[in-house]
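The structure appears below as structure tokens.
Chain letters run A, B, ... following the sequence lines, proteins first and then strands; every chain starts at 1.
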There are 2 protein chains.
Amino acid sequence: VEAEDAALLTELMEPLHAADIADLLEQIDSDKRHRLIALYGKAFDGEILSELDESVREDVIAALSPEVLTEAVRELESDDVVDLIEDLEKIHQQVILEALEASDRVAVERALTFPEYSAGRLMQREVVMAPEHWSVGEAIDFMRAAEDLPEQFYHIILVDPRLRPVGHVTLGKVMSSRRQEKLADLAEPSFRTFSVTQDEEDVAYAFNQYHLISAPVVDDEGRLVGVITIDDAMIVLSEENEEDILRLAGVGPESLSDTTVQIVKQRFPWLFVNLMTAILASLVIAQFEATLAAVVALAVLMPIVASMGGNAGTQSLTVAVRALATRDLTGSNALRVIRRELVAGFLNGCVFAVLMGAIGILWFGTPMLGVVIGLAMIANLVIAGLAGILVPLTLDKVGVDPALASGVFVTTVTDVMGFFAFLGLAAVLML
Amino acid sequence: VEAEDAALLTELMEPLHAADIADLLEQIDSDKRHRLIALYGKAFDGEILSELDESVREDVIAALSPEVLTEAVRELESDDVVDLIEDLEKIHQQVILEALEASDRVAVERALTFPEYSAGRLMQREVVMAPEHWSVGEAIDFMRAAEDLPEQFYHIILVDPRLRPVGHVTLGKVMSSRRQEKLADLAEPSFRTFSVTQDEEDVAYAFNQYHLISAPVVDDEGRLVGVITIDDAMIVLSEENEEDILRLAGVGPESLSDTTVQIVKQRFPWLFVNLMTAILASLVIAQFEATLAAVVALAVLMPIVASMGGNAGTQSLTVAVRALATRDLTGSNALRVIRRELVAGFLNGCVFAVLMGAIGILWFGTPMLGVVIGLAMIANLVIAGLAGILVPLTLDKVGVDPALASGVFVTTVTDVMGFFAFLGLAAVLML
């Protein structure tokens with residue numbers, strides 16, 4: 001492909017979907033990428049830009065010739081253009097805005113006035129609507145005459161004379177009904193609208209919960225201004241999931257196409273916070289230096305305490321964070337879930353206390369050491385279970401994303417309390 | 001609501017969506033749930049069953065009277081019934097199958113013969129198809145005459161005389177074209193079919209990657225047997241994501257409605273595996289008992305080594321597991337990503353080596369201790385970065401889900417190697 005053969009390249013890329021070409025561009029390095037773009041030239045499709053990862057997108061836009069770029073962005077629908085440019089640097093934004101036709105430019109600029117991550121940013125402005133009193137025949141005639149219908153649409157939105165949506169009809173229903181039937185009689189029973197300023201997370205949640213396919217977006221006066229379709233919601237949902245997973249692991253919005261320096265910078269803050277909390281744990285241990293000097297076996301067993309507590313804590317916290325994200329964990333069942341974690345921690349703690357106590361005795365031949373590690377294990381798993389549920393609940397209440405910060409707090413609690421319980425018990429019972 | 005007032009209850013539940021009623025049923029305890037179901041009675045909707053979490057679903061089915069159950073399941077489409085009963089116990093399956101009409105029962109039984117998690121289980125058998133030579137007018141007339149069109153459909157699938165799908169037309173296109181136009185001329189350029197035996201994960205990936213709305217499913221001979229719609233794909237995708245998140249934390253398919261005993265059982269195996277690997281780390285430490293007895297400060301600093309390595313490992317492994325899941329990490333860029341992790345680990349290692357070395361010297365006043373922990377930090381973060389990428393890549397190659405097992409392996413490696421590097425360096429440089 002890299003033999004500088006433009007015709008062959010275009011031929012090879014022809015059957016590929018824009019999403020696959022975008023993946024290809026992400027996986028090769030910047031130098032190859034520029035040569036490929038130069039060769040591919042005119043055939044470059046606007047959709048490829050939409051599919052590209054942000055980190056690579058700027059690079060590609062800079063590499064495209066102005067004519068190709070103009071051509072590429074004019075093909076896109078308004079919501080895709082908004083999505084494309086909202087994270088770009090100002091200069092690149094300007095280049096693309098100027099490439100658009102005047103009417104589209106106004107639409108995109110309007111969309112950019114809505115808050116980030118709002119329904120207004122997510123929606124497309126191209127809608128298919130009909131007065132509520134129309135019949136099926138009138139709607140079909142209207143659509144046949146219309147020139148620029150959106151590429152994909154699933155409902156005809158019924159509006160009142162003041163352009164406020166009052167219901168919608170699926171295309172399937174329209175198509176299977178006789179021409180004289182009233183659209184209003186075919187409207188779907190479940191119908192939801194979103195406000196332009198609503199958070200995209202709420203929108204995605206509603207699409208998932210109520211299996212929506214498309215839903216109208218209204219402005220402050222309740223007038224129809226756009227429509228959100230399931231594919232937009234699906235993207236938000238998978239971004240949210242992705243974000244949760246990465247945040248739980250203490251990674252920012254990292255992608256494989258980031259450079260080494262970018263990932264070093266992104267991972268550093270979390271590792272630094274972790275160092276601070278680890279030092280906290282070390283300070284606890286330092287209080288027991290005399291105990292450790294007397295019984296070196298304690299130092300050998302310490303990692304077991306930390307690791308069991310950390311893992312049990314991560315288990316409960318992950319379940320809690322997910323339940324908060326899917327809105328399964330609410331005020332009404334929080335108490336029941338806390339009690340469940342408490343009891344589960346205690347039960348698992350007892351099992352591991354017996355196991356670990358036995359190992360402690362057999363390994364070091366000191367029965368009291370077995371008792372100490374057994375008791376510490378129970379304390380540790382109960383604390384882990386409680387911290388795993390209480391920390392995310394508290395963070396959620398004070399408005400912090402529990403996926404982001406729970407991990408640090410929970411492991412700090414389990415480390416500090418775990419070492420304190422283990423070494424404290426040892427100091428009391430063994431010295 | 002619990003005042004035994006059936007009329008009031010039905011009135012209160014009326015405006016609620018089936019998904020919300022299901023959430024309500026999941027959040028209350030079993031006793032209240034039974035009373036609510038008894039009161040709600042006849043109004044119970046089949047969709048509520050579909051929306052219920054598996055653990056609660058059996059309980060609810062057992063509580064419904066046979067007549068209500070029959071009524072409820074008959075409303076559902078075949079794919080929803082399959083989804084409903086595939087995880088139920090045999091007796092409950094039988095009850096529901098008998099409640100279905102004969103034709104639906106055959107369809108559901110047929111679907112159950114496809115492998116679990118296959119496209120065949122996911123698809124609905126209700127399809128809208130037309131011979132490829134039909135015109136728009138013929139299709140509309142056919143649909144107006146048809147009696148049981150699926151509730152939601154987005155495309156008319158064009159088939160050849162042997163029922164093999166050759167393309168599809170969006171309803172929007174059909175509706176906006178003149179009656180005499182040929183359907184074949186309106187067919188979408190991008191068109192994909194799935195085989196009944198294909199993995200549902202592949203299906204969800206394709207829907208997400210290519211922004212599909214619906215796609216036909218074909219049997220071994222290429223004949224149309226059903227259709228998968230985006231809402232099914234969306235469910236699979238969020239289940240996969242959920243599973244990944246929970247697996248990364250060492251939790252099984254746990255839900256908030258599980259009992260305490262269930263979660264104890266589910267979390268125990270992972271904690272047990274973790275205990276074994278923690279003991280492995282302890283065995284490494286035990287080799288250095290003499291060193292620890294001589295320099296107790298080492299014991300104080302040990303948790304910092306373990307925790308930094310574990311966290312850095314989790315960061316890279318999470319990024320790698322996600323990239324594998326979204327198919328962004330492939331053979332072609334694996335080497336580049338490995339190199340990136342190696343360099344990133346080294347760079348962060350150097351920064352933390354300086355930081356931690358300084359803290360070690362200031363805290364304990366022993367310069368050599370600072371050197372030891374600094375060098376150990378570099379080794380540790382490099383190992384963590386490498387393990388974080390190599391472990392998931394290897395597991396993926398041998399066909400094990402990297403989300404499931406990577407965590408154990410990576411923390412084992414970082415613990416064992418981290419303690420070995422730290423205490424080994426101390427033994428060599430300080431004794």
note = Residue from B:D53, B:I213, B:I156 scoring the most non-hydrogen pairs under 4.5 Å with chain A is B:I213
message = What part of A:A312 gets within 4.5 angstrom of chain B, counting heavy atoms only: side chain, backbone, both, or neither?
response = both
query = Which bit of A:Y154 is near chain B, if near means a heavy-atom gap under 4.5 Å: side chain, backbone, both or neither?
reply = side chain
task = Give the member of B:A286, B:A146, B:G345, B:A297 that has the highest number of heavy-atom pairs under 4.5 Å with chain A.
result = B:A286
ask   = What part of A:F352 gets closer than 4.5 Å to chain B, counting heavy atoms only: side chain, backbone, both or neither?
value = side chain
task = Heavy-atom distances under 4.5 Å only: say whether B:D20 touches chain A with side chain, backbone, both or neither.
result = both
ask   = Around atom CZ of B:F346, are there more than 12 heavy atoms of other residues, nucleotides or ligands at under 6.0 Å?
value = no
task = Give the member of B:L149, B:T170, B:T318 that has the highest number of heavy-atom pairs under 4.5 Å with chain A.
result = B:T318
ask   = Non-hydrogen atoms of chain A under 4.5 Å away: do they reach the side chain of B:L248, the backbone, both or neither?
value = side chain
request  = Would you mind checking which part of B:M302 comes under 4.5 Å of any heavy atom in chain A, side chain (CB onward), backbone (N, CA, C, O), both or neither?
outcome  = side chain
query = Is a salt bridge present between A:R340 and B:D258, judged by a nitrogen-to-oxygen distance below 4.0 Å?
reply = no
ask   = Can you say whether B:E47 sits under 4.5 Å from chain A via the side chain, the backbone, both, or neither, judging by heavy atoms?
value = neither
task = Count the heavy-atom pairs under 4.5 Å between each of B:L381, B:T259, B:L275 and chain A, then report the option with the highest count.
result = B:L275
inquiry  = With a 4.5 angstrom heavy-atom cut-off, is it the side chain or the backbone of B:A306 that approaches chain A, or both, or neither?
reply    = neither
query = Hey, are A:R267 and B:E341 close enough for a salt bridge, meaning a charged N less than 4.0 Å from a carboxylate O?
reply = yes
key: Under 4.5 Å from any heavy atom of chain A - which part of B:F288   = neither
ask   = Can you say whether B:I359 sits under 4.5 Å from chain A via the side chain, the backbone, both, or neither, judging by heavy atoms?
value = side chain
message = At a 4.5 Å cut-off on heavy atoms, which part of B:N311 comes close to chain A: side chain, backbone, both, or neither?
response = both
ask   = Do B:F364 and B:L301 come within less than 4.5 Å of each other through their side chains, counting heavy atoms only?
value = yes
request  = Select one option (side chain, backbone, both, neither) describing which atoms of B:L237 are under 4.5 Å from chain A's heavy atoms.
outcome  = side chain
message = If I measure from the heavy atoms of chain A, does B:S307 come under 4.5 Å with its side chain, its backbone, both, or neither?
response = both
